[in-house]
Amino acid sequence: MGDTELELSPTQLEELQKSPSASSTSTTSSLSLPSSPSSGPRPLTSSSPSTSEGLPTSSPPLDVISEGVGELSLVIDTEVAKKACQEVLQKVKFLKVDGEVSSASSEPVLVNGTAHPESTDGGKPPKISEEEVEPVKNVRRRQKNNSSKQSWLLRLFESKLFDISMAISYLYNSKEPGVQAYIGNRLFSFRNEDVDFYLPQLLNMYIHMDEDVGDAIKPYVVHRCRQSINFSLQCAWLLGAYSSDMHISTQRHSRGTKLRKLILSDELKPSSQRIRREVPQPPPSCPPPLHHGQGMSEHSLSPSKRTHQRSKSDATVSISLSSNLKRTASNPKVETSQDEPVRLTPQREFIKSLMGIGKRLATLPTKEQKTQRLISELSLLNHKLPARVWLPTAAFDHHVVRVPHTQAVVLNSKDKAPYLIYVEVLECENFETSSVPVRIPETRIRSTRSVENLPDCGITPDQRASSFSTVPNYDNDDEAWSVDDIGELQVELPEIHTNSCDNISQFSVDSITSQESKEPIFIAAGDIRRRLSEQLAHTPTTFKRDPEDPSAVALKEPWQEKVRRIREGSPYGHLPNWRLLSVIVKCGDDLRQELLAYQVLKQLQIIWEQERVPLWIKPYKILVISSDSGMIEPVVNAVSIHQVKKQSQLSLLDYFRQEHGNYNTEEFLTAQRNFVQSCAGYCIICYLLQVKDRHNGNILLDSEGHIIHIDFGFILSSSPRNLGFETSAFKLTSEFVDVMGGLDRDMFNYYKMLMLQGLIAARKHMEKVIQIVEIMQQGSQLPCFHGSSTIRNLKERFHMNLTEEQLQVLVEQMVDGSMRSITTKLYDGFQYLTNGIM
Amino acid sequence: MAQTEKKAGLLRRTSSSKKPLKEKVVLMYDEIFAKEDPTKSNPRFWDELFLMKVNLEYLEGKLESLDGDEVMKIKDNINSLFHHCVQALGEEHQIKVVNALQTLCALFRGVHQKNKSATGFDIINMLMGFDKAELRMKELMESLDSLLCGDGSESLKSLCLKLLLCLVTVTDNISQNTILEYVMINSIFEAILQILSDVSSRAQHGYDAVVLLALLVNYRKYESVNPYIVKLSIVDDEPTLDGMGMVIHHALAEYNRQYRDKEEENQGGFFSTLTSMVGSMFIADADQKLSIQTNEAILLALYEAVHLNRNFITVLAQSHPEIDIATTPAVPVPASPTTPLGTTPPSLDMMNNPELPLDPNLQTSNLLITFLKYSSIVMQDTKDEHRLNSARLCLIILTCIAEDQYADAFLHDDNMNFRVNLHRMPMRHRKKAADKSIPSRPLVCAVLDLMVEFVVTHMMKEFPMDLYVRCVQIIHKLICYQKKCRVRMHYTWRDLWSALINLLKFLLSNETILLAKHNIFQLALQVVNLFNMFITYGDTFLPTPSSYDELYYEIIRMHQVFDNLYCMVLRVSTNAGQWKEPASKVTHALVNVRAIINHFNPKIESYAAVNHISQLSEDQVLEVVRSNYDTLTLKLQDGLDQFERYSEQPREAGFFKELVRSISLNVRKNVSLSTMSQDVLLKEFSSIS
């Protein structure tokens with residue numbers, strides 16, 4: 001408020017305070033000045049763009065609420081949102097009591113969210129509010145009839161039990177616009193992460209369901225988009241992907257597409273950013289700066305024009321051509337306050353580059369060529385880093401600083417070219433506001449000296465003239481050829497002895513000193529030979545490099561080991577907030593089903609955790625970018641069973657013994673338990689979701705013994721080429737049973753018991769699982785929804801009608817059936833013949 | 001380049017035919033040489049002069065014909081001419097700029113040809129006058145700088161570079177070119193970098209810019225502080241370094257391509273290939289590019305970049321698809337001036353990068369691979385002096401690379417596998433290896449292959465001793481890295497071992513001839529110490545236990561060579577003489593090898609005796625070796641993994657001085673021709689304006 005007072009001219013302020021519902025013209029005019037209010041909810045007035053649009057002031061309370069929500073350009077903290085919701089509830093109650101809406105139109109209800117003037121965003125916001133007003137009218141109309149039913153609902157909605165899952169469910173199932181609008185508002189009170197989980201559902205409803213639902217959701221989405229770049233992009237990508245099943249003609253005009261365009265136009269920026277920039281501007285009485293300010297707001301008005309140029313604040317290398325003589329200076333970083341960053345562009349370009357690489361790789365014939373090309377493309381990408389870009393699959397805020405290009409691998413795929421990259425990032429507070437790290441050249445770790453010794457040589461044109469004499473300490477070329485790695489490779493004299501012996505561990509300190517006294521040291525040739533074989537044996541088993549399967553080696557390397565190795569070789573590795581991430585870039589693949597599977601897996605994981613069933617599954621994050629591209633968070637420390645068998649030439653059980661030790665060692669038993677728990681978890685999932693295409697290339701084995709199913713391309717109603725293989729409930733080969741210790745042994749029984757417990761727990765929360773799938777079926781052409789009975793069949797597989805005893809029998813039957821299943825073996829054989837997968 | 005040269009040839013003939021005519025410009029030149037101030041008779045004399053087409057030959061000839069006294073008499077006029085040339089560079093009228101540049105070129109060259117004996121200071125005095133020299137040169141360099149960096153015509157930029165090249169190479173010994181002192185003070189380094197960083201200007205002027213830079217860096221390198229060295233050593237802007245790498249890459253790749261074409265043409269066999277190579281080197285004028293000499297400058301630039309700039313090492317590994325330069329004309333990317341370098345959004349570059357054409361048949365390559373291929377060609381024949389120098393420089397560059405940690409890291413990177421088709425000298429006793437079957441391996445394998453190839457193919461009477469020493473040092477440095485970082489390369493070490501043993505054998509059998517010229521004990525010591533590395537530290541870098549067994553097998557198999565070597569060094573070291581000391585070092589170094597031989601030979605003999613076998617198979621020997629390790633004691637030797645770091649001064653200074661001299665001569669020869677051809681350019685401008 002203080003800020004506001006400072007900025008508004010006294011007369012304007014007076015006017016505002018005198019008449020809260022001041023004429024729209026005066027309000028907007030005063031607010032369109034560059035001195036727009038600062039952050040924080042400000043008790044302005046209910047007079048708003050919507051009123052100024054001349055809409056009938058139908059129901060002010062609700063109007064104001066939706067208004068406030070839509071226009072809340074600043075931080076709506078949960079407190080505020082909660083309060084807003086409570087007020088709505090009160091209003092609704094009030095309506096119920098009266099049975100009729102009291103059209104107290106003049107009542108200037110003050111809501112915490114305030115109308116925020118969109119001085120720079122042009123005509124957009126009024127439009128939004130216009131849309132938002134409409135449903136409110138409908139609400140009022142329909143609410144007359146079913147008020148009694150709603151009172152129960154209200155009690156539920158207000159109760160502590162009401163969580164996001166229920167909210168989504170009511171949003172989807174309720175035909176009541178009032179309820180929908182209420183839930184739309186209520187969304188603000190949930191934690192962002194909780195809502196984010198259901199983002200695909202929300203957006204799919206927005207795209208494919210009727211207007212009321214969409215209108216209820218939109219304010220929330222718009223609000224979150226303003227808050228977060230990441231959310232904006234996620235929304236835009238999902239909207240694009242889920243709109244793609246619509247007919248092309250309707251798609252163009254669908255509101256999903258419209259919203260996507262709105263987001264991508266980058267108009268939904270937090271106004272705080274604008275304000276922060278404009279605050280230092282002197283009041284409008286001062287003409288020249290004002291002009292300057294206008295120039296900038298023009299700038300922000302047309303971000304699309306500038307999309308091809310990364311804004312300066314994002315650029316780490318600032319080289320201006322005008323002062324072309326400064327280029328030897330190490331890249332100075334310019335974070336000008338003048339140049340507002342284009343919010344979404346860097347990240348979009350980054351993703352686009354990654355997808356572009358994937359597309360180009362697909363044109364190359366051999367794996368070897370693909371790998372080489374991938375490495376060279378990534379090394380070029382490196383030149384543009386660090387930048388304000390991040391991996392959306394990561395759990396923390398960060399900036400990408402480097403892609404260790406030589407570590408990237410092309411994954412096994414017949415005609416597409418998915419690839420796995422490792423990405424070095426620096427963790428930061430907030431990737432939107434924290435400054436982008438400064439670029440460190442590849443060789444910089446070792447070259448600090450030569451550069452820092454000669455910092456001002458020829459940096460400015462003025463210095464050029466004098467530089468001839470200002471570099472006295474440069475006398476011979478040893479200086480330039482920095483001495484640092486002499487120390488690294490060649491140890492200085494005093495250390496020579498220890499160094500030459502450092503590999504010969506058995507030497508005592510005595511022998512080193514004795515060496516100094518010139519007594520010869522003798523070593524046994526046998527020891528050298530022995531050490532050689534021992535060291536080779538001790539290194540964790542690695543896979544042999546196979547040009548046809550480049551990923552096997554990379555995936556087999558233990559993650560920690562890889563992190564250490566990459567960190568050592570990275571110029572950024574010394575920074576405490578350095579992290580390594582990895583991501584699989586998929587180009588040409590539809591990941592929407594994968595995302596659906598991820599959600600179901602995640603939900604089941606939560607359920608099992610809640611019910612304390614020790615099942616282990618590993619949902620891996622999916623980022624849908626469009627209907628044919630996306631990114632996957634790789635499972636670390638895991639290789640496919642196919643790769644295990646091909647490389648080790650062992651049975652699964654023998655491989656377990658090789659990796660974890662003999663039967664009764666603790667390591668083996670732990671690995672075995674992990675195997676059983678994960679196996680049971682995935683068997684349930686395979687059964688419930690009808691996951692098909694379960695060959696050994698799609699089942700991973702991690703270093704702790706867990707199995708992890710990947711590739712959910714065939715789930716629910718779809719199966720590969722409909723050959724009718726894989727009729728069993730899930731895949732359970734005799735090899736798996738062997739690892740469990742064999743039929744009817746303790747671990748095997750434990751496995752069956754886990755499955756039963758898991759099913760019972762899942763059954764208890766069936767609705768939560770069904771709802772995820774059901775909502776996504778709306779308007780979808782995905783093969784997993786093929787046919788009309790997908791949801792019904794899914795529900796049936798939960799067997800709500802069976803007693804626990806009956807369920808136990810069912811589990812026995814399924815396990816039995818799967819084990820005896822000839823089709824599993826047949827399918828593996830089929831895969832071996834057609835794809836060479838063991 | 002080639003085009004301009006050809007044009008040069010044509011134009012020379014036409015211009016010489018014009019000679020008898022007295023052009024107006026010639027009359028005006030005469031006026032300058034006539035002691036009187038030409039503006040007296042014609043106040044607009046200078047304005048008019050630069051509108052005239054330059055007659056370089058006449059001007060140069062005139063200057064040349066003057067003797068010292070005469071020159072002093074017209075000094076004022078020459079000073080004035082120089083002054084006005086510099087002023088004309090700032091003119092808007094481009095014809096004037098062109099003429100001024102050419103006139104300056106003629107002035108520099110004419111004065112120098114005349115004053116072969118005169119000191120640099122006399123020359124400066126004659127051209128600019130002592131009192132004004134500093135100011136004039138400052139103006140000149142600033143004008144050149146702004147012309148090079150401005151948005152002006154590309155031909156103008158090219159002419160500026162030619163002028164600079166001309167100025168830099170007017171003396172045989174670059175360090176005696178006193179005028180360059182002003183080029184040091186008024187640096188044009190930044191302009192050169194800008195040319196290299198921009199894609200389109202790099203394509204057109206990159207070669208000249210790189211050569212110019214290489215030469216400037218060598219100006220009084222050892223005597224004073226050369227700001228170009230300092231600046232080059234701290235450049236860290238990747239696009240620029242990349243650009244430089246790209247220019248070098250293109251030049252070397254172009255040579256490789258031409259060589260390959262030539263070779264394919266002459267599939268007739270060893271002799272014809274050789275003769276055609278030799279022929280093309282000395283006779284064919286059109287194929288001058290194929291001459292190693294032209295690439296000496298490029299190689300020098302690569303050396304300076306690798307040696308001086310740590311950041312350049314990354315450029316070596318910067319892979320890009322091999323581009324056929326002949327078919328890829330400079331595709332200038334419409335570089336918008338508002339987009340500062342390096343701040344272009346990633347996708348823009350990534351998606352439409354002209355350097356990454358979408359051709360699936362392209363093999364990805366990088367500068368290092370191209371350089372290795374080039375080296376393999378150059379090293380094939382070291383009889384010619386230029387080739388010997390180039391081969392030496394290649395090995396020096398490889399030495400620098402092998403010493404660099406980062407370079408070693410990517411050389412040994414398991415994920416960066418490449419097929420490197422090295423050129424192998426056709427030899428009678430070996431088949432031409434099937435190139436296609438070369439597996440994709442880490443780059444260090446290619447380097448080792450190249451070294452092995454060199455060792456095997458150069459055992460001849462004209463023994464290139466210093467090349468051998470460098471070669472063995474490179475191997476040693478690579479192994480030191482592997483030992484230190486415990487990198488286990490799956491390399492066929494056996495090839496290396498047998499090559500080295502054969503080298504020892506050659507040294508032994510040619511002892512008397514070689515000793516007359518070289519210290520063969522130094523080389524022998526290095527070779528033996530390589531074996532000591534394998535013997536005592538093999539556990540840290542050999543790929544498998546059986547490779548350690550193979551090492552012993554190879555030593556035992558070739559034990560006679562080591563025995564003979566021991567006898568020889570023992571003999572020399574017991575006699576007093578200059579070789580006593582180095583020979584005794586070899587004796588000591590041989591202790592472990594001899595221990596192995598003395599330990600296993602009796603065991604093998606007894607094994608043969610017990611089993612009644614006359615000739616043991618390899619497996620049987622390996623079996624004996626394996627079962628008798630434990631009774632063998634070796635002596636740990638000091639400092640096996642230590643090496644002397646490469647340093648240019650003082651050891652290599654002489655070589656580089658000579659190399660730079662040779663490059664200067666060559667550049668001067670080529671530049672002088674192409675400068676004349678700028679008549680064409682003049683026409684271009686006259687038609688515009």
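Just so it is clear: chains get the letters A, B, ... in the order the sequence lines come, proteins before strands, and each one is counted from 1. All values derive from a computational prediction rather than experimental measurement.
Proximity to chain A is absent for every atom of B/Phe410, based on heavy atoms less than 4.5 angstrom apart. Contacts of B/Ile535 with chain A are made by backbone atoms alone, with heavy-atom separations under 4.5 Å and no side-chain atom involved. Only the side chain of B/Asp242 comes within less than 4.5 Å of a heavy atom in chain A; its backbone stays farther off.
Here the straight-line distance linking atom CD1 of A/Ile521 with atom NZ of B/Lys635 works out to 10.0 Å at 0.5 Å rounding. Taken from CD in B/Glu238 to NZ in A/Lys384, the straight-line distance is 10.0 Å, to the nearest 0.5 Å. Summarising the geometry, atom CG belonging to B/Leu632 is positioned 13.0 Å from atom CZ belonging to A/Arg529; distances are rounded to the nearest 0.5 Å. In this structure, the separation between CG on A/Asp527 and OH on B/Tyr629 is 12.5 Å, given to the nearest 0.5 Å.
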(Q) For a side chain to side chain contact (heavy atoms under 4.5 Å, CB included) check, start with the C-alpha distance between B/Asp414 and A/Gln407, then their side-chain angles and the critical distance, and finish with the verdict. (A) CA-CA 9 Å; B/Asp414 234 9; A/Gln407 304 304 318; over 6 Å; no
Q | Derivation and outcome, side chain to side chain contact (heavy atoms under 4.5 Å, CB included), residues A/Ile523 and B/Thr633 | A | CA-CA 6 Å; A/Ile523 39 175; B/Thr633 310; over 6 Å; no
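The two residues A/Gln372 and B/Asn417 have their closest heavy-atom pair at NE2-O, 2.8 Å. Contact record, B/Leu634 with A/Ala525: CD1-CB, 3.8 Å, taken as the closest heavy-atom pair.
For B/Glu142, the salt bridge (charged side-chain N to carboxylate O under 4.0 Å, His left out) test picks out B/Lys138, with sequence neighbours left out. Under the salt bridge (charged side-chain N to carboxylate O under 4.0 Å, His left out) criterion, A/Arg565 pairs with A/Glu557, not counting sequence neighbours.
Side-chain contact check for B/Asp236 versus A/Arg439: every heavy-atom pair is 4.5 Å or farther apart.
B/Glu652 CD: more than 12 foreign heavy atoms inside a 6.0 Å radius.
With respect to B/Asp539, the side-chain hydrogen bond (donor to acceptor under 3.5 Å, both in side chains) criterion is satisfied by exactly one of A/Arg531, A/Arg530, A/Gln535: A/Arg531.
The candidate from B/Asp549, B/Thr631, B/Ile596, B/Leu542 with the greatest count of non-hydrogen atom pairs under 4.5 Å with chain A is B/Asp549.
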